[in-house]
Amino acid sequence: MSLRVYSTLSRQKEEFQTVVPGQVGMYLCGPTVYKPAHIGHMVGPVIFDTVKRYLTYSGYKVKFVINITDVDDKLIVKAAEKGTTVNALAREMTQDYFDNLKTMGVDTVDLFPYATEHIPEMLSMIQTLIDKGYAYPLEGDVYFDVSKDEDYGALSHRNVADMMAGTRVEASDRKRSPADFALWKRSKPNEPAWDSPWGQGRPGWHIECSAMSLKHIGATLDIHGGGLDLMFPHHENELAQSESCTGHKFTRYWLHNGLMQSSKTAGKIGGQHDRHGDSPADALAEKEAQEAGKLAGSKGAASVKDLFLKHAPETVRFFLLATHYRSPIDFNDENIAETGKSLEGFYRLFELFQRITTRDYFTLAVPQLRSGTTELSGDPAVFFTELTALRNRFLDAMDDDFNTGGAIGVLFEMRKAINGLVAAEKLETAKGSPAGMAAFVTAMTLFRELSSLLGIFNAPPPKKTGADDQFAGELMSLILELRAEARTTKNWSMSDKIRDRLKALKVIVEDRPESVTWRRDV
RNA sequence: GGCGCUGUAGCCAAGUGGCUAAGGCAGCGGAUUGCAAAUCCGCCAUCAUCGGUUCGACUCCGAUCAGCGCCUCCA
């Protein structure tokens, strides 16, 4: 099967064909760096990091760009609140963002362009739009004239008249139409400002993405990603500006990811949402409830760094990818904790591999390209037949609009199949055959090849608290040695007492055919 | 009001015009174990409701109910 992707513009899955064969230009709308990132900010990067991994594996050369918005109203307000400068705040929060990306395993981004470093490109674009009659300067601002763009609204499937009907936009007397949006805003005193043909000012929100994507990728992007909330007005406006400016199709495939939701608060205020009918007080309460249930708007949304105090980053990444990227994700501690539990079985498998083969799973050399995928042949033949089928299902799922949830399901099945092999071939005892061992290694190599496409299981899981302490390790050796003596004399009550008491201390002891292992379970 | 999305087992979740509707977590039964743990095997869903199209629908269409998003410079 070849790759198909769902594009918001056409509202259907399309055959994936790039502008330049074999190459992909991918642009993702990044953060406005005015506050610490929360989990919602990580969704897009994790998803598109995974997309890049898969495209690269499929043989494409991918350029992946995420912009950093470092000038914006919110930044200005926040910097003033904190008594710092816009620049200093932006730098601090950008670093926070980068730290979080790294922790989440997002390491395939090629470039993070900054808005403030692309002012000349934006000015040039704005000038072109004015020259072509798509934009008009007004008292130091410059607006895009929506009425000049016949396709306006195509992406979000709405038209200007309908939108106006429902909004309480006070018709700004200054703009020709309330729907017109700012390309350039004149600055007030003490605000960041740049010289322009229209006076001192700063860029509007949307123009930076148009200018930076044009400069760093080209007039036509293969993939433009972002959260569903950005579809309108941000992406609609980008689209309008860019196509009006360059005359080329702006983006081949629009990929929008679903948003994080918190079930803790969402839905508590029931009833039909009617923004016109409610009393002001009700409307306010309703809005607050909605804001709280919506991570992005919630002032109280935990920062990513706080989240990592409770959950391992790999668990969070796995959790995000277990649901299709276009679906909303219900984010709460219980759901993530459950994901954490379901990962334990994989960690057991990696330990098993180490124990049996004495090889380090995480340094297994794996194929980097689909064309060079792990060869699956040998004994037992039925096992290899099963592996082949599983691999095909995994890749088919990924080919179908990056269905990571389906692919993850295949990983669980692969885990079961491999554990089954180990049991059937008695690999954990001295009776294991060379062919069985070889099959085990091959299967784990394939597992690593596929799981790495999701950016997971690339490194050993973090040790549980206390388990990496050398002193604790030595004590455990001593205890287990004494327990082993008790067991040789069949002193089961002593043996069991030790194990039970350790269990109360969150130390799990496992007696295996030829060894005893322990681990922390916190 | 306008434009959209979602509703699959106790919970999370993939998917399909017809063959057994993935997988995980929890639960139950069994194998294994001195007993456990881990692992394996087995069990656990008339796919929100009603109607229509069809030889046949959970899948397509319509209505209803419920939840949610955007229209307000949130990823």
Side-chain angles (χ1 to χ4, degrees), chain A residues 11 28-32 37-45 47 69 72-74 153 156-159 161-169 181-182 185 204-206 225-234 237 256-261 266-267 270 273-277 287 290-291 293-298 301 319 322-324 326-330 334-335 337-345 348-349 351-352 393 397 400 403-413 415-416 419-420 422-424 428 487 490 492-493 495-496 499-500 503 508-513 517-519 521:
Chain A
R11 308 245 160 177
L28 174 66
C29 285
T32 300
H38 63 248
I39 183 61
H41 294 112
M42 296 291 111
V43 178
I47 286 164
T69 301
D72 173 90
D73 290 351
K74 292 194 294 290
S156 51
H157 296 255
R158 59 184 83 200
N159 64 63
D162 286 344
M163 277 159 19
M164 291 307 111
T167 48
R168 51 192 141 129
V169 172
F181 56 90
K185 301 161 118 167
W205 178 33
H206 319 294
L228 207 50
D229 54 339
L230 292 183
M231 186 170 74
F232 188 91
H234 184 53
N237 292 353
H256 286 103
N257 59 270
L259 304 180
M260 280 278 172
Q261 293 174 17
H273 179 195
D274 182 349
R275 62 191 303 152
H276 301 296
K287 179 176 169 55
Q290 284 190 332
E291 288 285 311
K294 204 169 73 157
L295 290 172
S298 172
F319 175 75
T323 302
H324 189 92
R326 268 188 282 114
S327 303
I329 304 179
D330 190 3
E334 293 76 46
N335 287 353
E338 185 183 306
T339 298
K341 259 190 275 185
S342 69
L343 290 189
E344 288 297 325
R348 294 291 91 71
L349 179 60
E351 290 166 7
L352 180 70
R393 280 174 53 204
D400 184 13
N403 182 0
T404 54
I408 279 176
V410 175
L411 291 184
F412 278 104
E413 290 185 66
R415 176 180 91 184
K416 189 185 282 192
N419 275 322
V422 172
E428 214 174 351
R487 294 182 75 216
K490 297 200 191 304
W492 304 127
S493 65
S495 168
D496 291 348
R499 193 173 59 201
D500 290 345
K503 188 173 183 183
I508 308 297
V509 173
E510 301 181 358
D511 295 314
R512 302 180 176 286
T517 61
W518 67 276
R519 62 189 158 85
D521 177 33

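A quick note: this is a predicted structure, and the numbers were derived from the prediction, not measured. In what follows, every heavy atom counts, from backbone to side chain, and hydrogens, waters and symmetry copies are set aside.
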If you pin A:G420 and A:N403 to their nearest nucleotides in RNA chain B, which one's is more 5'?
A:N403

For A:P328 and for A:R348, find the nucleotide of RNA chain B with the closest heavy atom, then tell me which residue's nucleotide is more 5'.
A:P328

Check this one for me: any side-chain N or O of A:T32 less than 4.0 Å away from OP1 or OP2 of B:A75?
yes

Which nucleotide in the list [options] gets nearest to the side chain of [X]?
X: A:R512; options: B:A37, B:C74, B:A14; answer: B:A37
X: A:D229; options: B:C74, B:U16, B:G69; answer: B:C74
X: A:R487; options: B:C35, B:A38, B:C12; answer: B:C35
X: A:Q261; options: B:G69, B:A75, B:G34; answer: B:G69
X: A:S327; options: B:A14, B:A75, B:G34; answer: B:A14
X: A:M260; options: B:A75, B:C74, B:C35; answer: B:A75
X: A:E510; options: B:A75, B:G34, B:A38; answer: B:A38

Within the modelled atom types, does a donor on one side and an acceptor on the other bring the side chain of A:R326 and the base of B:C5 under 3.5 Å apart?
no

Is A:D496 side chain donor-acceptor paired with the B:G34 base, going by distance under 3.5 Å alone?
yes

Grab the [atom1]-[atom2] distance between [X] and [N] for me, whole Å please.
X: A:L28; N: B:C74; atom1: CG; atom2: P; value: 15 Å
X: A:D330; N: B:U6; atom1: CG; atom2: P; value: 16 Å
X: A:W518; N: B:A36; atom1: CH2; atom2: C1'; value: 19 Å
X: A:E334; N: B:C12; atom1: CD; atom2: P; value: 11 Å
X: A:I329; N: B:A75; atom1: CD1; atom2: C1'; value: 12 Å
X: A:H256; N: B:G69; atom1: NE2; atom2: C1'; value: 13 Å
X: A:N335; N: B:G10; atom1: CG; atom2: P; value: 16 Å
X: A:N257; N: B:G69; atom1: CG; atom2: P; value: 16 Å

Identify whether any heavy atom of [X] sits under 4.0 Å from a base atom; if not, whether one sits that close to sugar-phosphate; answer base, sugar-phosphate or nothing.
X: A:D500; answer: nothing
X: A:H324; answer: sugar-phosphate
X: A:K74; answer: sugar-phosphate
X: A:I508; answer: sugar-phosphate
X: A:T517; answer: nothing
X: A:G153; answer: nothing
X: A:P31; answer: sugar-phosphate
X: A:N419; answer: sugar-phosphate

Could you let me know what [N] is paired to, Watson-Crick or G-U wobble, both distances under 3.5 Å, or none if it's on its own?
N: B:G1; answer: B:C71
N: B:A14; answer: none
N: B:A48; answer: B:U64
N: B:C35; answer: none
N: B:C58; answer: none
N: B:C40; answer: B:G30
N: B:A21; answer: none

Would you measure the distance from the [atom1] atom in [N] across to the matching atom in [M] and give it in whole Å?
N: B:U32; M: B:A22; atom1: P; value: 29 Å
N: B:A57; M: B:U49; atom1: P; value: 15 Å
N: B:G2; M: B:A63; atom1: P; value: 13 Å
N: B:G67; M: B:G29; atom1: C1'; value: 38 Å
N: B:C60; M: B:G18; atom1: P; value: 11 Å
N: B:C50; M: B:U39; atom1: P; value: 41 Å
N: B:C41; M: B:G24; atom1: P; value: 10 Å
N: B:C11; M: B:G4; atom1: P; value: 31 Å

Quick one: closest heavy-atom pair of [X] and [Y], and the distance?
X: A:R487; Y: A:S495; value: CG-OG, 3.3 Å
X: A:F412; Y: A:S342; value: CE2-O, 3.6 Å
X: A:R326; Y: A:H256; value: CG-O, 3.2 Å

Side chain to side chain, A:T69 and A:P31, heavy atoms closer than 4.5 Å
no

Examine distances only and state if a side-chain atom of A:N403 and a backbone atom of A:G406 form a donor-acceptor pair shorter than 3.5 Å.
yes

Supply the atom-to-atom distance A:R348 CZ to A:R415 CZ, rounded to the nearest 0.5 angstrom.
10.0 Å

Going from CG on A:L343 to CZ on A:F319, what distance comes out if it is rounded to the nearest 0.5 angstrom?
11.5 Å

If you apply the rule salt bridge (Lys or Arg N to Asp or Glu O under 4.0 Å), what do you find for A:D500 with A:K503, and how did you get there?
CA-CA 5 Å; A:D500 290 345; A:K503 188 173 183 183; over 6 Å; no

Could you list the protein-to-nucleotides 23-26 of chain B atom pairs, N/O on both sides, closer than 3.5 Å?
from: B:G24; atom 1: N2; to: A:E338; atom 2: OE2; distance (Å): 2.4

Please work out whether the ring planes of A:W205 and A:H234 are parallel, tilted or perpendicular, with thresholds of 30° and 60°.
parallel

Run A:K341 and A:E344 through salt bridge (Lys or Arg N to Asp or Glu O under 4.0 Å) and show every step you take.
CA-CA 5 Å; A:K341 259 190 275 185; A:E344 288 297 325; over 6 Å; no

So does A:E413 pair up with A:R393, basic N to acidic O under 4.0 Å?
yes

